[in-house]
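We name chains A, B, ... by the order of the sequence lines, and we start the count at 1 in each one.
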Amino acid sequence: MSKFASLRGFKDILPDEIERWRWAESIAHETFATFGFSQIRTPVLETTELFTRSIGEATDIVEKEMYTFQDWDGKMVTLRPEGTAPVVRAYLEHHLGAQTPFWKLYYTGPMFRHERPQAGRLRQFHQIGAEVIGEIDPRQDVELLSLLTRFFERMQVADLTLEINSLGCPVCRPDYRAALQAYFEKYLQELCEDCQRRFKTNPLRILDCKKEGCKAIARNAPSPIDHLCAECREHFKSVREGLDLLAIPYQVEPHLVRGLDYYTKTAFELTTRKLGAQNAVAAGGRYDGLVEALGGPPTPAIGFAIGMERLVQLIDPAQVPASRLPLFLAPLGKAAGAVLFPILLALRRENIRSEMGNANIGLKSQMKRADRLGAEYVLILGEDEMTRGTAILRNMSTKAQEEIPLSTLTETLSAKFS
RNA sequence: GUGGGUGUAGCUCAAGGGUAGAGCACUGGAUUGUGGAUCCAGGGGUUGGGGGUUCGAAACCCCUCAUCCACCCCA
């Protein structure tokens, strides 16, 4: 055990895993651009109030999971626990809404929540998120969901379920909440301890309880969809019709609840059975009230976030394009090393990926190393070749070898490998 | 924050009071200058840390730390 180790819930991402990360990120950049999104990068540190205002004072995130501390000047600051509030903050701070009516933005980066780590849950985790600000049309919900499903399609991640629900709006949610409380009041004694607490703080959460007793009671609870106001009902209907039109499979999940206060109307999750208890790989929804809550004009918006660690676990490593090494230079002895070293740099100047062995160790070891690096060709230069004024180029898969004159070595190699 | 599991070689794991082991990986050799396969050899450990019981502890007890899984919650 080394003296220092990373903090609990904080993980190193090592080279063998990074291939999958980079592949996911590059597909994300491509796909999001295809759908008309621009990237935005916001700081990881923000004023604490940004999150308490947006996420909600009574949520778990704000109550017990934020990395909050006092800065040297006395200001309370927080490592961002999620990406939406900072994006909206930037949108307002830079008056983006005044320039064009609506924005499609995406971001990637680390988020921080002080939770107990478990499978698929870390204290520093990474998200790719997308936000569409300034459009109420249900078609926008559909477009965003089509982006989400398209991305996972390109990642070749299968067996995902898109669950959608409507959480209503400030007009209809209080009604629904009251109806829910009226219903659960009859069974209050039969609910679990947690749900008895939820009854007061957030009755919607009872719908999400995993205990069998509560599940049974919740099964007959009033559905949020039956209590939507006319506008929300129409919106939800249009979203479903749009998904049908695009043949995007989904499941209406009346018990789907979101943990952040700012969500309204459409809410959704992309879930899998392959990740244990933390089964959501992506989630999001509408937040039509957030921009206004943060001091801007009434502005509808919708977004989602993808959990990178969870996504990476679902990626089949075989799908990731392997990075190959075209050429490995194997010099035998000091003189050969002196010849090949400048050639190595010349090749790299031509952007030819190449690697060179240690001239002081045996050919066998160098071959072994070349093989491990996945080299397609090995260039061998020993004493015999030096006197002949040639080098041997070995094809590692066919084992065929050819001699190349030293006088034209650089030209021959750069022509062959560029 | 609560509960349970697990900490032994770089990795995966044996040894359940009596000399710390195997497989894989690594290094070298069989092949004085040719990779993957095979065979042989070698290097590597204060058994997570601390304390206790014992003639003797990797093992039993206590504390602590780490880690995993689950609850909670969420990406």
| query | Taking the six-membered ring for Trp, are A:Tyr287 and A:Tyr262 ring centroids under 6.0 Å apart? | reply |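 Between A:Tyr262 and A:Tyr287, which both carry aromatic rings, the centre distance is below 6.0 Å.
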
| Do the ring centers of A:Tyr377 and A:Phe417 come within less than 6.0 Å of each other? | yes

On a plain distance test, is the side chain of [X] in donor-acceptor contact with the base of [N] below 3.5 Å?
X        : N      : value
A:Arg8   : B:rC68 : no
A:Arg116 : B:rC72 : no
A:Gln118 : B:rC73 : no
A:Glu115 : B:rG1  : no

Calculate the interatomic distance between [X] atom [atom1] and [N] atom [atom2]; express it in whole Å.
X        : N      : atom1 : atom2 : answer
A:Tyr262 : B:rC74 : OH    : P     : 11 Å
A:Leu275 : B:rA75 : CG    : C1'   : 10 Å
A:Leu379 : B:rG35 : CG    : C1'   : 16 Å
A:Gln124 : B:rC74 : CD    : C1'   : 17 Å
A:Gln196 : B:rC72 : CD    : C1'   : 16 Å
A:Ile392 : B:rG33 : CD1   : P     : 13 Å
A:Lys368 : B:rU31 : NZ    : P     : 15 Å
A:Met396 : B:rA37 : CE    : C1'   : 15 Å

Taking pairing as Watson-Crick or G-U wobble with both contacts under 3.5 Å, can you name the mate of [N], or confirm there isn't one?
N      : value
B:rU6  : B:rA66
B:rU32 : none
B:rA41 : B:rU27
B:rU46 : none
B:rA14 : none
B:rC60 : B:rG52
B:rA20 : none
B:rA75 : none

In plain terms, say whether [X] and [Y] are close enough for a salt bridge, that is, a side-chain N and a carboxylate O under 4.0 Å apart.
X        : Y        : answer
A:Lys64  : A:Asp60  : yes
A:Lys274 : A:Asp159 : yes
A:Glu143 : A:Lys104 : yes

When rounded to the nearest Å, what value does the distance between [atom1] atoms of [N] and [M] take?
N      : M      : atom1 : answer
B:rG4  : B:rG42 : C1'   : 43 Å
B:rA57 : B:rG49 : P     : 15 Å
B:rC55 : B:rG10 : P     : 34 Å
B:rU6  : B:rA15 : P     : 13 Å
B:rG18 : B:rC61 : P     : 16 Å
B:rA37 : B:rC74 : C1'   : 49 Å
B:rA59 : B:rG52 : P     : 14 Å

| Does B:rU34 have OP1 or OP2 sitting under 4.0 Å from an N or O in the side chain of A:Lys399? |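 Checking A:Lys399 against B:rU34: no side-chain N or O falls below 4.0 Å of OP1 or OP2.
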
| According to a strict under-4.0 Å criterion, is A:Lys11 in side-chain N/O contact with OP1 or OP2 of B:rC68? |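 Indeed, a polar side-chain atom of A:Lys11 lies that close.
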
| request: Mind telling me whether A:Phe32 and A:Phe304 have parallel, tilted or perpendicular rings, with 30° and 60° as the class edges? | output: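 Because their plane-to-plane angle is over 60°, the rings of A:Phe304 and A:Phe32 count as perpendicular.
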
Describe the nucleic acid contact of [X] in one word from base, sugar-phosphate, nothing, applying a heavy-atom distance below 4.0 Å.
X        : value
A:Gln366 : nothing
A:Arg372 : sugar-phosphate
A:Glu385 : base
A:Ala370 : nothing
A:Gly120 : base
A:Glu383 : base
A:Ile128 : nothing
A:Leu311 : nothing

I want to verify a distance call: between [options], whose nearest atom is closest to the [X] side chain?
X        : options                : answer
A:Ala277 : B:rG35, B:rA75, B:rC71 : B:rC71
A:Met367 : B:rG35, B:rC68, B:rA75 : B:rG35
A:Arg121 : B:rU34, B:rG1, B:rC74  : B:rG1
A:Gln278 : B:rA75, B:rC73, B:rG33 : B:rC73

| Derivation of the salt bridge (Lys or Arg N to Asp or Glu O under 4.0 Å) call for A:Arg123 and A:Glu115 | CA-CA 6 Å; A:Arg123 289 183 173 177; A:Glu115 297 184 270; over 6 Å; no

| query | Should B:rG16 be called syn or anti, with syn set as within 90° of 0? | reply | syn

| field | Student check: side-chain heavy atoms of A:Tyr107 and A:Pro86 closer than 4.5 Å | value |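 When only atoms from C-beta onward are counted, A:Pro86 and A:Tyr107 do not touch, as no gap falls below 4.5 Å.
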
